[in-house]
Peer 1: 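There's a structure below that I have some questions on.
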Amino acid sequence: MSLTTPIAQALCAALELGPGQAGEIERLLSTPPNLALGDFAFPCFQLARQLRSAPPKIAAELAAKIPTGGLISRATAAGPYVNFFLNRTAATRQVIGAVRTAADRYGASDDGAGRTMVVEFSSPNIAKPFHFGHLRSTNIGANLARLFEFAGWQVVRRNYLGDWGTQFGFVIYAWRRWGDEAALAARAIDYLVELYVRAYRESEQDPSIRDQARELFRRLEQGDAEIVPLWQKFRELSLAGFVRTYTRLAIGFDNFDGEAAASRNMDAVIRRFVTAGVAVESEGALVVPVADVIGRDIAPLMLRKSDGASTYAARDCAEAIERYSRYRFDGNIYVVSRQEDYFAQLFVALSKLGKAEGWPVDWPALCQNVSFGFVRGMSTRKGEAVWLEDVLDEARDRARRVREEKSAANPRSFPVLPTAELDAIGEGVGQAALLYFDVSSRRLSDVSFDWDTVLQFEGNTGPYLQYAHARMCGIFRRAGEQGLAAGDAPAAAVADEEWALVLCIREFPSAVQRACVGREPHEISRYLGSLASAFNGFYNNHMVLDPADPGTSAGRLALVGASRTVLANGLRLLGIRPLEVM
RNA sequence: GCGCCUGUAGCUCAACGGAUAGAGCACCGACCUUCUAAGUCGGGGGUUGCAGGUUCGAUUCCUGCCAGGCGCGCCA
């Protein structure tokens with residue numbers, strides 16, 4: 001039972017409402033701005049009209065009718081609010097018990113039980129650099145995938161590689177003209193990017209290069225025996241590079257089928273659009289009009305260009321159809337930035353086909369584009385682009401250096417560590433700084449890349465969270481040495497800092513839910529920041545371990561244990577490793 | 001022209017339609033002979049882009065401006 005349920009029930013009784021309305025009352029409860037005012041608040045504004053009375057008067061009358069005892073220790077009116085104070089000891093016992101019971105499933109749910117969610121994310125372009133900006137889709141998608149799994153969904157992670165299209169013509173053109181096996185073997189993906197950039201730049205002076213690139217891509221599409229093996233080789237090399245980066249970020253995919261795979265069914269899908277009468281000829285191209293459905297001036301979805309070449313849109317249609325027939329998904333998320341119009345066109349076009357062909361399920365309505373903000377300061381043209389691998393390396397090195405400096409300055413708190421452990425901590429802390437930076441603003445805000453901000457380890461950062469976790473683990477290690485063990489509830493009166501921590505722990509499941517509903521991983525980072533802050537407040541004001549007082553120690557250890565469980569669960573949702581030693 | 005997104009402290013960002021708009025960074029000061037100081041506490045800092053509207057109440061919702069970013073039939 002939730003802490004707020006008894007409050008809602010008491011309010012229902014006082015208002016002479018039926019028990020069926022307790023849920024509605026419970027949703028109206030809010031949190032006072034500070035603990036001194038109360039633990040939960042009921043605003044009386046909305047009742048004023050029905051009861052024909054002033055909110056403060058209603059609040060005063062209600063407060064007088066709330067029976068105390070059980071979880072509720074006191075109810076007082078404060079202006080238009082009825083503020084509730086809980087029995088801290090009983091409530092703390094309840095919250096800690098809930099965390100212990102659920103353990104690493106605390107915060108999880110079965111909301112998505114029996115349903116499948118496809119998350120398409122990262123989707124790098126093989127002929128283009130994988131720079132820091134690509135972390136956005138990659139991280140948001142990975143976070144959403146973990147969140148939906150935590151909420152009970154069956155999740156499919158799709159990396160829709162940009163492995164097809166004219167850009168491959170450029171790469172192949174460059175390879176045939178300047179290609180060097182040794183350089184390819186040594187630098188793989190970086191070298192391919194250089195080749196692409198060189199060919200593309202020269203094509204701006206010499207348009208015939210563009211024509212040759214198009215011709216090479218046409219030969220690739222036709223399965224030319226000389227070209228196809230090159231494409232396969234380049235694709236494999238690039239993919240291997242991406243996978244190395246993904247591994248460092250602890251991100252995995254179920255499937256890497258990209259545009260090349262989608263193009264296999266493309267012609268058949270285009271024929272279906274034509275046969276169904278959904279696609280029409282326009283200015284020599286084949287398009288699906290969507291303005292009639294969307295209701296404004298918007299371009300049609302183009303399936304085939306006037307020169308007869310297919311478009312990425314046709315491949316996306318084919319891929320979506322294939323995807324639904326394979327997974328029968330209940331949700332399909334595309335983590336792609338700033339393409340809202342395009343996805344609107346895509347989903348409407350597919351819906352039209354569905355209506356014309358009489359599909360039993362209007363699954364295009366289950367598809368959603370999850371957009372996100374732009375990373376500023378990452379322009380390839382201006383030469384600002386920063387490779388993600390380089391940022392990871394720098395983060396790791398700095399984290400390692402910071403730890404070494406701490407050992408030198410304060411060996412008592414930061415004992416000198418074996419090299420292997422130092423390396424692991426560096427990698428973990430660096431990765432945490434990066435991943436947390438990425439989710440520390442809302443999905444749709446633009447973010448600025450700045451080395452010092454990204455690699456910051458103090459304040460509201462990934463390392464700050466890991467540090468709190470390491471401290472919790474340190475307390476348990478020390479407790480073991482002193483022969484102290486956790487109890488199941490506080491032994492004495494619950495102090496403000498302990499109580500604030502308990503209330504924060506209780507909030508985790510609703511933070512997870514908000515993150516899922518809003519497709520907003522930032523909810524988790526924000527929550528964890530407040531949790532770590534609450535813990536540090538507690539930590540700095542109360543000694544957990546006191547061999548002379550095993551009772552108090554046991555109660556506080558229980559609280560630290562619950563905090564650690566929640567912090568670790570949250571960190572894992574963000575893909576950050578909860579470190580035991582820092 | 002048609003659309004989407006964003007304007008909050010010097011900077012980076014928060015704030016279920018609710019009480020005095022909060023954190024971090026930076027700056028100034030305090031705290032390690034007690035569990036990790038990557039921490040904690042205090043201080044200065046704000047006309048929430050502008051103007052209307054809805055509401056008991058608007059940073060939040062609606063309309064119009066202003067500013068910035070991004071996307072719009074033959075790039076993907």
Side-chain angles (χ1 to χ4, degrees), chain A residues 27-34 37 41 43 45-46 48-49 54-55 78-81 83 125 128 162 164-167 259 282-285 287 291 294 296-302 304-307 309 311-313 315-316 337-342 344-345 371-374 376 399 402-403 406 409-410 412-415 429 433 437 440-442 444-448 450 452-453 456-468 470-479 481-482 484 510 514 522 526 529-530 532-533 536-537 539-546 553 556 560 581-582:
Chain A
R27 274 190 292 279
L28 289 174
L29 292 174
S30 63
T31 312
N34 63 64
L37 282 168
F45 305 103
Q46 294 182 11
R49 190 167 295 158
Y81 295 90
N83 288 336
N125 218 317
K128 290 181 184 168
W164 206 240
T166 315
Q167 82 253 15
E259 292 183 69
S282 168
E283 297 173 30
V287 302
I294 294 177
R296 64 179 165 86
D297 178 13
I298 184 169
L301 187 77
M302 185 181 296
R304 202 154 53 204
K305 305 182 219 172
S306 53
D307 69 358
T311 63
Y312 61 95
R315 292 192 279 278
D316 276 354
S337 176
R338 302 294 172 80
Q339 301 283 340
E340 289 88 350
D341 275 4
Y342 170 65
Q345 294 168 323
S371 186
F372 52 88
F374 196 71
R376 287 187 295 251
V402 166
R403 183 58 176 74
K406 286 180 187 304
N410 185 0
R412 188 159 172 277
S413 293
F414 298 93
V429 170
F437 169 82
S440 61
S441 53
R442 283 173 306 165
L444 285 168
S445 336
D446 290 346
V447 297
S448 303
D450 168 71
D452 289 332
T453 308
Q456 198 171 7
F457 301 151
E458 292 170 12
N460 184 20
T461 64
Y464 173 80
L465 304 183
Q466 286 178 311
Y467 191 68
R471 276 178 151 178
M472 295 168 185
C473 293
I475 291 172
F476 274 94
R477 277 194 304 275
R478 191 60 62 97
E481 292 164 13
Q482 298 181 354
L484 295 165
S510 61
R514 280 199 306 279
H522 168 70
R526 193 161 68 82
S530 68
S533 175
N536 283 327
Y539 180 90
N540 279 278
N541 282 284
H542 304 281
M543 279 300 290
V544 174
L545 304 176
D546 180 2
S553 301
R556 290 191 173 147
V560 175
V581 175
M582 265 178 81

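Residue numbers start from 1 in every chain, and the chains themselves are labelled A, B, ... in the order their sequence lines are given, proteins ahead of strands.
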Peer 1: Using modelled atom types and a 3.5 Å cut-off, is there a donor and acceptor pairing between side-chain atoms of A:Ser306 and backbone atoms of A:Ala285?
Peer 2: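 Answer holds: no.
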
Peer 1: Using whole Å, what does the distance between atom C1' of nucleotide B:A37 and atom CG of A:Asn540 come to?
Peer 2: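 One finds 9 Å between C1' of B:A37 and CG of A:Asn540, rounded.
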
Peer 1: Using the P atoms only, state how far B:C61 lies from B:A23, rounded to an integer number of Å.
Peer 2: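 The same atom, P, in both gives a distance of 23 Å.
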
Peer 1: For nucleotides B:A37 and B:G57, find the distance between their P atoms and express it as a whole number of Å.
Peer 2: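 Straight-line distance between the two P atoms is 50 Å.
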
Peer 1: Would you measure the distance from the P atom in B:U59 across to the matching atom in B:C50 and give it in whole Å?
Peer 2: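 Comparing P positions in B:U59 and B:C50 gives a spacing of 11 Å.
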
Peer 1: Under 4.0 Å, heavy atoms only, any strand: does A:Thr453 hit a base, just the sugar-phosphate, or nothing?
Peer 2: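 Nothing, no heavy atom under 4.0 Å.
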
Peer 1: Would you tell me if any nitrogen or oxygen in the side chain of A:Arg49 comes within less than 4.0 Å of OP1 or OP2 on B:U55?
Peer 2: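 No, no such contact exists.
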
Peer 1: Would you mind telling me which residue lines up with the more 5' stretch of RNA chain B, A:Gln345 or A:Gln46, judged by nearest nucleotide?
Peer 2: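 Taking each residue's closest nucleotide, the earlier one in sequence belongs to A:Gln46.
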
Peer 1: Contact class for A:Ala48 (heavy atom, under 4.0 Å): base, sugar-phosphate, or nothing?
Peer 2: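 No contact.
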
Peer 1: Taking atom P in both B:U6 and B:A14, what distance in whole Å separates the two?
Peer 2: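 Their P atoms lie roughly 10 Å apart.
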
Peer 1: Given B:U40, is OP1 or OP2 found less than 4.0 Å from the side-chain N or O atoms of A:Asn536?
Peer 2: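 For B:U40, OP1 or OP2 has a side-chain N or O of A:Asn536 closer than 4.0 Å.
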
Peer 1: For A:Leu465 and B:U36, what is the distance between atoms CG and C1' respectively, to the nearest whole Å?
Peer 2: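 Nearest whole value for this atom pair: 16 Å.
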
Peer 1: To the nearest 0.5 Å, what is the distance between CZ (A:Phe437) and CG (A:Asn460)?
Peer 2: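 So the CZ of A:Phe437 and the CG of A:Asn460 are separated by 12.0 Å.
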
Peer 1: Nearest 0.5 Å please: distance from the CD atom of A:Gln167 over to the CG atom of A:Asn125.
Peer 2: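 So the gap between those two atoms works out to 4.5 Å.
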
Peer 1: Calculate the interatomic distance between A:Met582 atom CE and B:U36 atom P; express it in whole Å.
Peer 2: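 It is 13 Å, rounded to the nearest whole Å.
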
Peer 1: Are the side chain of A:Glu340 and the backbone N or O of A:Ser371 linked by a donor-acceptor pair below 3.5 Å?
Peer 2: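 Looks like no, no N/O pair under 3.5 Å.
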
Peer 1: Of the nucleotides B:C32, B:C35, B:A14, which one has an atom closest to the side chain of A:His522?
Peer 2: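 Nearest to the side chain of A:His522 among the choices is B:A14.
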
Peer 1: Regarding A:Val447, tell me which of base, sugar-phosphate or nothing describes its non-hydrogen contacts under 4.0 Å with the strands shown.
Peer 2: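 Answer is sugar-phosphate: A:Val447 comes under 4.0 Å of backbone atoms only.
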
Peer 1: Nearest-nucleotide wise, let me know which of A:Pro463 and A:Thr166 is further upstream toward the 5' end of RNA chain B.
Peer 2: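 The 5'-side residue here is A:Pro463.
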
Peer 1: From OH of A:Tyr467 over to P of B:U40, roughly how many Å is that when rounded to an integer?
Peer 2: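 After rounding, the gap between these two atoms is 10 Å.
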
Peer 1: Would A:Arg403 and A:Val429 satisfy side-chain contact (heavy atoms from CB on, under 4.5 Å), going step by step from the backbone distance to the final call?
Peer 2: CA-CA 10 Å; A:Arg403 183 58 176 74; A:Val429 170; over 6 Å; no

Peer 1: Take the protein atom CG of A:Leu301 and the nucleotide atom P of B:C72, then report the distance between them rounded to whole Å.
Peer 2: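 Atom-to-atom, A:Leu301 to B:C72, this comes out as 13 Å.
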
Peer 1: Counting the atoms with a prime plus P, OP1 and OP2 as sugar-phosphate, which does A:Glu259 contact under 4.0 Å by heavy atoms, base, sugar-phosphate, or nothing?
Peer 2: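 Here A:Glu259 touches the backbone only, sparing every base.
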
Peer 1: Base, sugar-phosphate, or nothing: which does A:Tyr539 touch, judged by heavy atoms less than 4.0 Å apart?
Peer 2: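 Result for A:Tyr539 = base.
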
Peer 1: From the set B:U40, B:U36, B:C72, return the single nucleotide nearest to any side-chain atom of A:Ala299.
Peer 2: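 That would be B:C72.
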
Peer 1: May I have the distance from A:Phe45 (atom CZ) to B:U55 (atom P), rounded to whole angstrom?
Peer 2: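 For the pair A:Phe45 CZ and B:U55 P, the rounded distance is 17 Å.
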
Peer 1: At what distance, to the nearest 0.5 angstrom, does CZ of A:Phe374 lie from CG of A:Leu444?
Peer 2: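 Reported value, rounded in 0.5 Å steps: 14.5 Å.
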
Peer 1: What's touching nucleotides 2-7 of chain B from the protein side, N or O pairs under 3.5 Å?
Peer 2:
| from | atom 1 | to | atom 2 | distance (Å) |
| --- | --- | --- | --- | --- |
| B:C2 | O2' | A:Asp297 | O | 2.6 |
| B:G3 | O2' | A:Arg296 | NH2 | 3.2 |
| B:G3 | O2' | A:Asp341 | OD1 | 3.4 |
| B:C4 | O2' | A:Glu340 | OE2 | 3.4 |
| B:G7 | OP1 | A:Arg442 | NH2 | 3.2 |

Peer 1: Choose from B:A15, B:G73, B:U40 the nucleotide whose nearest atom is closest to any side-chain atom of A:Pro300.
Peer 2: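 Nearest to the side chain of A:Pro300 among the choices is B:G73.
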
Peer 1: Would you classify A:Ser448 as touching base, sugar-phosphate or nothing, given that sugar-phosphate means primed atoms plus P, OP1 and OP2, and contacts are heavy atoms under 4.0 Å?
Peer 2: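 If one applies the 4.0 Å heavy-atom cut-off, A:Ser448 turns out to touch the sugar-phosphate alone, with no base involved.
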
Peer 1: Find the distance between CD (A:Gln456) and OH (A:Tyr464) and round it off to the nearest 0.5 Å.
Peer 2: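 Answer for the CD-OH pair, A:Gln456 versus A:Tyr464, is 13.0 Å.
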
Peer 1: Is the side chain of A:Arg442 donor-acceptor paired with the backbone N or O of A:His522 at a distance under 3.5 Å, no angle test?
Peer 2: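 No: the side chain of A:Arg442 does not pair with the backbone of A:His522.
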
Peer 1: Report the nucleotide, chosen from B:C32, B:A14, B:U36, that has the shortest atom-to-atom distance to any side-chain atom of A:Arg477.
Peer 2: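 Closest of the options to the side chain of A:Arg477: B:U36.
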
Peer 1: Answer whether the closest heavy-atom distance between the side chains of A:Arg471 and A:Asn536 falls below 4.5 Å.
Peer 2: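 Answer yes - side chains close enough.
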
Peer 1: Report yes if a side-chain nitrogen or oxygen of A:Arg412 is closer than 4.0 Å to either non-bridging phosphate oxygen (OP1 or OP2) of B:C35; otherwise report no.
Peer 2: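 Checking A:Arg412 against B:C35: at least one side-chain N or O falls below 4.0 Å of OP1 or OP2.
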
Peer 1: Quick check against the 3.5 Å criterion: does A:Ser282 have a side-chain atom that pairs as donor or acceptor with the backbone of A:Val287?
Peer 2: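 Such a contact is absent between A:Ser282 side chain and A:Val287 backbone.
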
Peer 1: Heavy atoms under 4.0 Å, any strand shown: does A:Arg315 hit a base, just sugar-phosphate, or nothing?
Peer 2: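 The residue A:Arg315 makes sugar-phosphate contact but no base contact.
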
Peer 1: Could I get a table of every N or O pair under 3.5 Å where one atom is in the protein and the other is in nucleotides 19-23 of chain B?
Peer 2:
| from | atom 1 | to | atom 2 | distance (Å) |
| --- | --- | --- | --- | --- |
| B:A19 | N6 | A:Asn83 | OD1 | 3.2 |
| B:A19 | N1 | A:Asn83 | OD1 | 3.4 |
| B:A19 | N1 | A:Asn83 | ND2 | 3.3 |

Peer 1: Quickly work out the A:Gln339 CD to B:C75 P distance and round it to whole Å.
Peer 2: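 The distance from CD of A:Gln339 to P of B:C75 comes to 15 Å, rounded to the nearest Å.
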
Peer 1: Whenever both distances are under 3.5 Å in a Watson-Crick or G-U wobble pair, mark it; put RNA chain B into dot-bracket that way, with [ ] for crossing pairs and | when the partner is on another strand.
Peer 2: (((((((..((((....[...)))).(((((.......))))).....(((((..]....))))))))))))....

Peer 1: Of the nucleotides B:C35, B:G73, B:G39, which has the atom closest to the A:Glu458 side chain?
Peer 2: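 In terms of side-chain proximity for A:Glu458, the closest of B:C35, B:G73, B:G39 is B:G39.
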
Peer 1: Hey, does the side chain of A:Asp341 reach the backbone of A:Ala344 with a donor-acceptor pair shorter than 3.5 angstrom?
Peer 2: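 No, because the side chain of A:Asp341 does not come within donor-acceptor range (under 3.5 Å) of the backbone of A:Ala344.
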
Peer 1: Considering only the P atoms, how many Å lie between B:U54 and B:A21, rounded to the nearest integer?
Peer 2: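 After rounding to an integer number of Å, I get 25 Å for this pair.
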
Peer 1: Is the backbone of A:Ser530 close enough, under 3.5 Å, to the side chain of A:Ser533 for a donor and an acceptor to pair up by distance?
Peer 2: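 Such a contact is absent between A:Ser533 side chain and A:Ser530 backbone.
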
Peer 1: Between B:C4 and B:U63, how far is it from one P atom to the other, in whole Å?
Peer 2: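 My reading of the P atoms in B:C4 and B:U63 gives 10 Å.
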
Peer 1: With sugar-phosphate meaning primed atoms plus P, OP1 and OP2, does A:Gly474 contact a base, only sugar-phosphate, or nothing at under 4.0 Å between heavy atoms?
Peer 2: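 Since only primed, P, OP1 and OP2 atoms lie under 4.0 Å of A:Gly474, the category is sugar-phosphate.
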
Peer 1: Between A:Gln345 and A:Ile294, which heavy-atom pair has the shortest distance, and what is it?
Peer 2: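 That closest heavy-atom pairing would be N-CD1, 4.4 Å.
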
Peer 1: Give me the distance, rounded to whole Å, that separates B:C70 from B:C75 when you measure between the C1' atoms they each carry.
Peer 2: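 Looking at atom C1' only, B:C70 and B:C75 are 16 Å apart.
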
Peer 1: Given the C1' atoms of B:C56 and B:G17, what is the spacing between them in whole Å?
Peer 2: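 About 12 Å, rounded to a whole number of Å.
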
Peer 1: Examine B:U40: is either OP1 or OP2 under 4.0 Å from a nitrogen or oxygen in the side chain of A:Tyr464? Give yes or no.
Peer 2: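 Answer yes for this pair, as a side-chain N or O of A:Tyr464 is under 4.0 Å from OP1 or OP2.
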
Peer 1: Taking atom CD of A:Gln46 as the centre, does the number of heavy atoms from other residues, nucleotides or ligands within less than 6.0 Å exceed 12?
Peer 2: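 Atom CD in A:Gln46 is not crowded, with 12 or fewer foreign heavy atoms closer than 6.0 Å.
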
Peer 1: To the nearest 0.5 Å, how far apart are OH in A:Tyr539 and CD1 in A:Ile475?
Peer 2: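 It is 5.5 Å, given to the nearest 0.5 Å.
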
Peer 1: Nearest-Å distance, CG (A:Asn541) to C1' (B:C31)?
Peer 2: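 After rounding, the reported distance stands at 12 Å.
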
Peer 1: Could you classify B:C31 for me, syn or anti, using a glycosidic angle within 90° of 0 as syn?
Peer 2: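 In terms of base orientation relative to the sugar, B:C31 is anti.
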
